[in-house]
Amino acid sequence: DAQVDELLTDPEKFCCPILQCLMDDPVVAEDGFTYERHAIQSALTHRWRSPMTGCDMGDTVLPINRLKSEIKAYKDEVVEKIVERVPRITSPSRAAK
């Protein structure tokens, strides 16, 4: 169903281009792209180039607190929608009462 597909697909703007998953600690790097902090820092220990453009760059990253808040709100919303869709599970001991 469409809602399940929506729940299984995270918005691209919330995903790290290196890890291909939701970010917890988004930062903007010198290349202007947004990454998960640990992913870009790790990538830059191997080579001083942008993972997106291949151009030289330094290791300065800046936190994006607004995006971090948006991602948290998105995660909370998804969890709420999943909980709504999952049938209530009753433990066997409660069902017998």
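Values in this document were obtained by computation on a predicted structure and should not be read as measured data.
Between the side chain of Glu36 and the backbone N or O of Met23 there is no donor-acceptor pair closer than 3.5 Å. A donor-acceptor distance shorter than 3.5 angstrom exists from the side chain of Glu30 to the backbone of Gly58, with no hydrogens or angles considered.
Hydrophobic clustering (side-chain heavy atoms under 4.5 Å, transitive across Ile, Leu, Val, Met, Phe, Trp, Tyr) groups Val27 together with Met57.
Under the side chain to side chain contact (heavy atoms under 4.5 Å, CB included) criterion, Ile82 pairs with Leu7, Val78, Val86, not counting sequence neighbours. Applying the side chain to side chain donor-acceptor pair (under 3.5 Å) criterion to Lys72, with sequence neighbours excluded, gives Asp76. In this view, Val28 and Leu62, Ile64 satisfy the side chain to side chain contact (heavy atoms under 4.5 Å, CB included) rule, not counting sequence neighbours. By the side chain to side chain contact (heavy atoms under 4.5 Å, CB included) test, Asp10 pairs with Cys15, Leu22, Tyr74, sequence neighbours left out. Residues that satisfy the side chain to side chain donor-acceptor pair (under 3.5 Å) test with Thr34, not counting sequence neighbours, are absent from this structure. With sequence neighbours left out, Ser42 forms a side chain to side chain donor-acceptor pair (under 3.5 Å) with no residue at all. Residues passing the side chain to side chain contact (heavy atoms under 4.5 Å, CB included) test with Glu70 are Lys13, Phe14, Arg66, Leu67, sequence neighbours excluded. Under the rule for a salt bridge (Lys or Arg N to Asp or Glu O under 4.0 Å), Lys68 has no partner lying at least two apart in sequence or in another chain. Evaluation of the side chain to side chain donor-acceptor pair (under 3.5 Å) rule for Asp24 yields Lys75 as partners, not counting sequence neighbours.
A pairwise comparison of heavy atoms in Pro26 and Ile71 identifies CG-CD1, 4.2 Å as the closest pair.
Among residues at least two apart or in separate chains, salt bridge (charged side-chain N to carboxylate O under 4.0 Å, His left out) pairs with a member in residues 39-57 are Arg49-Asp56. Counting only residues at least two apart or on different chains, no ring pair (Phe, Tyr, Trp, His ring centres under 6.0 Å) pair has a member in residues 27-52.
Other residues, nucleotides and ligands contribute over 12 non-hydrogen atoms within 6.0 Å of the CD atom of Gln20.
With rounding to the nearest 0.5 angstrom, the OG1 atom of Thr45 is 10.0 Å from the CD1 atom of Ile40.
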